[in-house]
Amino acid sequence: MEESVWMWTLHETMPSSKEVGHQIIEQLLQALTQAGWDGSDLFHVQMAAEEAMINAVTHGNQESEQLVVEVEFRVSKQRAYLRFRDQGAGFCPDELPDPTDEEHLEKTHGRGVYLIMHMMSEVSYNDCGNEVTMVKNRQLESADS
Amino acid sequence: MEESVWMWTLHETMPSSKEVGHQIIEQLLQALTQAGWDGSDLFHVQMAAEEAMINAVTHGNQESEQLVVEVEFRVSKQRAYLRFRDQGAGFCPDELPDPTDEEHLEKTHGRGVYLIMHMMSEVSYNDCGNEVTMVKNRQLESADS
Amino acid sequence: MTERRRITVVTIGDLATVRFNDKKIVDSASIEEMGAELMSLVDKDKMKHILLNFEGVEFLSSAALNKLILIDKKVKQAGGNLRLCCLREEIKEVFTITRLDRVFDIRKTEKEALKAFGVDS
Amino acid sequence: MTERRRITVVTIGDLATVRFNDKKIVDSASIEEMGAELMSLVDKDKMKHILLNFEGVEFLSSAALNKLILIDKKVKQAGGNLRLCCLREEIKEVFTITRLDRVFDIRKTEKEALKAFGVDS
Ligand SMILES: Nc1ncnc2c1ncn2[C@@H]1O[C@H](COP(=O)(O)OP(=O)(O)O)[C@@H](O)[C@H]1O
Ligand SMILES: Nc1ncnc2c1ncn2[C@@H]1O[C@H](COP(=O)(O)OP(=O)(O)O)[C@@H](O)[C@H]1O
């Protein structure tokens, strides 16, 4: 990540609250917009951020008041870097069933991690599964740039 | 495990049901009793088996009707071997808080894995955390043997 | 008329056309409320068919998708049809990536969707 | 007298002495029922103090421990005391390993426990 000139970075520890999480992601979206992001690039980052935040707060920390989520965001014109770390027991992403398999298609859960993987350019979980790091390389130039 | 002469082994796939799990553990306890186990040795294996089964069914498979738990038990006069594998997303046992810490002491969850670790002679989880293998070496000779 | 906070409804016979009041369908309490309001269209208002018009919706999370699957099951159980229309490109892509475009009947315009329901507008 | 399925209760004033009907306290439905019956001793029968006599109990799971912690909180809230007695050696060890022997007041015999409640038998 050294090579990028980040225009905006945020590194903070938030409580295990979806409301607070949504607000922090709003800040990220504003920073991206200011850096010229829009359209599907912006949408993809928003989706991955929301899903990762909700998983950290609900599955990871189980909304415990005693646990926090560490978030780190970096934004440049061409690249966005996002990291979420919770204090839960983790999980193995590779073990998750494929939600697009015929037998899982109508299930009412299990699409978050799959969407994260498909929305971002690079996604990696730590061994334990309680930290996800992701990068989005911007695909499209916006019309007015 | 080669060196042991197993007097009883069971290897089966059970549905994600605590009731069925309790019944299978009853069979294990009967086999242990027949092999001369009693007192705290028997109790320790029972505790570890119940906690591991409940975790596989509830945390691992989330009681899904579509998922199964693989159980393997082996019993000899001196040693018991237990393995439970679920089809869930796993977890990292090392990340769990210590339930005996002052701040967690009155929590109403989080003692199962800790008890398993303390009741058995050897406990290991696979990398993913959805399989636990454990061995109990018998400590006490029963009075009448 | 029923007070609804998350959706705005126009009915023609037993067909309800629904628009969403929120631009972002992501907050879990709002999703629950939206789900309950849609459910009551079938349960209480005895609507058979539902058309979800996504005009103006800019974002939805996987939790919203899960809720839509429940609504779809409900409508089908009641012998009706659920259709979706007017999805912005990025939201359409979410349905494609998750293959939910095979579960839901998605139409480009409201006119097309209404036609599929047998309503000519 | 109240019908109870999981516990047998003898009362002296506002002290209830409880024995368990099950040898193994492990099944989750039974644990819920046991919990509800103990809770109602405080809520409904207005018992202040509770003595849990574990005679005959051969096994309990961590889910049962969790439930006992809730009961203990309840009794304390109501200004009373919860005590345990007559634990077989292996069950006592479970309390020691988990350090719950520091949360619960555990006595060897029912006589000792009653004495701690100020009842001489
Ligand atoms: N941060 C996390 N910590 C622990 N488990 C997680 C985490 N994120 C995801 N998981 C596990 O992965 C599963 C699938 O997550 P996801 O694909 O987001 O779908 P859903 O949240 O609808 O279940 C979850 O049910 C949970 O078991
Ligand atoms: N087989 C499993 N699969 C997934 N997660 C598990 C499994 N076993 C344990 N865990 C995780 O470890 C945590 C602690 O488990 P445990 O010590 O048994 O306490 P409790 O079940 O009371 O929470 C669980 O809440 C769960 O997050």
Side-chain angles (χ1 to χ4, degrees), chain B residues 16-26 28-30 32-33 37-59 63 96-120 136 139-140 142-143, chain D residues 6 20 22-36 38-39 52 54-78 81-84 86-106:
Chain B
S16 300
S17 147
K18 284 180 276 189
E19 281 62 50
V20 176
H22 292 315
Q23 284 161 21
I24 292 179
I25 291 172
E26 271 310 316
L28 168 68
L29 297 177
Q30 276 175 27
L32 285 164
T33 307
W37 291 60
D38 59 7
S40 72
D41 287 322
L42 184 64
F43 185 94
H44 289 175
V45 175
Q46 179 176 9
M47 183 113 220
E50 288 287 355
E51 298 295 334
M53 181 277 291
I54 287 169
N55 282 352
V57 167
T58 60
H59 297 305
E63 305 190 59
L96 296 179
D98 181 342
T100 65
D101 274 0
E102 204 59 54
E103 52 170 332
H104 303 305
L105 208 51
E106 302 201 27
K107 293 246 171 90
T108 55
H109 57 86
R111 289 181 188 83
V113 173
Y114 180 88
L115 281 166
I116 291 172
M117 304 277 195
H118 283 76
M119 294 284 162
M120 301 298 275
K136 180 73 175 179
Q139 310 280 314
L140 302 168
S142 64
Chain D
R6 297 297 157 204
F20 297 93
D22 300 303
K23 285 199 289 190
K24 300 188 179 192
I25 308 180
V26 63
D27 167 70
S28 43
S30 312
I31 292 174
E32 281 314 305
E33 214 171 4
M34 171 201 86
L38 286 169
M39 287 293 182
L52 300 178
F54 278 81
E55 213 178 286
V57 176
E58 291 172 7
F59 184 78
L60 51 71
S61 66
S62 76
L65 297 177
N66 298 338
K67 193 54 86 181
L68 294 180
I69 292 172
L70 280 179
I71 309 290
D72 186 50
K73 288 185 180 165
K74 180 88 180 181
V75 172
K76 279 177 185 157
Q77 251 171 32
N81 285 311
L82 178 78
R83 290 192 168 89
L84 279 54
C86 314
L87 279 64
R88 68 176 271 201
E89 201 183 306
E90 289 82 14
I91 292 187
K92 178 76 204 314
E93 192 199 1
V94 172
F95 283 84
T96 320
I97 290 180
T98 55
R99 301 232 184 130
L100 287 175
D101 55 350
R102 289 167 49 188
V103 173
F104 293 104
D105 184 349
I106 302 178

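Note that the structure is predicted; figures quoted are calculated from it, not measured. Residue numbers begin at 1 in each chain, while the letters A, B, ... track the order of the sequences.
Looking at Phe43(B), the atoms closer than 4.5 Å to chain D (heavy atoms on both sides) sit in the backbone and in the side chain alike. For Leu42(B), no part lies near chain D; criterion is any non-hydrogen pair under 4.5 Å. In this structure, the portions of Val26(D) lying under 4.5 Å from any heavy atom of chain B include both its backbone and its side chain. If you measure heavy-atom distances from Lys73(D) to chain B, the contacts under 4.5 Å come from the side chain alone. For chain B, no part of Glu89(D) is nearby; none of its heavy atoms comes within less than 4.5 Å. Using a 4.5 Å cut-off between heavy atoms, Leu105(B) contacts chain D through both its backbone and its side chain.
Under the 3.5 Å distance criterion, the side-chain polar atoms of Asp27(D) are matched with a main-chain donor or acceptor of Ser30(D). Judged purely by atom type and a 3.5 angstrom limit, Lys136(B) uses its side chain to pair as donor or acceptor with the backbone of Met119(B).
With values rounded to the nearest 0.5 angstrom, Arg88(D) atom CZ is found 10.0 Å from Phe59(D) atom CZ.
Using a cutoff of 4.0 Å between basic side-chain nitrogens and carboxylate oxygens, Lys24(D) and Glu50(B) are not scored as salt-bridged.
Ranked by non-hydrogen atom pairs under 4.5 Å with chain D, the options Gln46(B), Lys107(B), His44(B), Met47(B) are led by Gln46(B). In terms of heavy-atom pairs under 4.5 Å with chain D, the best-connected choice from Glu51(B), His118(B), His109(B), Lys18(B) is Glu51(B).
Paired with Leu52(D) under the rule side chain to side chain contact (heavy atoms under 4.5 Å, CB included), one option of Ile71(D), Leu68(D), Ile106(D), Leu87(D) passes, and it is Leu68(D).
Closest approach of Arg111(B) and Pro99(B) over heavy atoms only: CG-CB, 4.0 Å.
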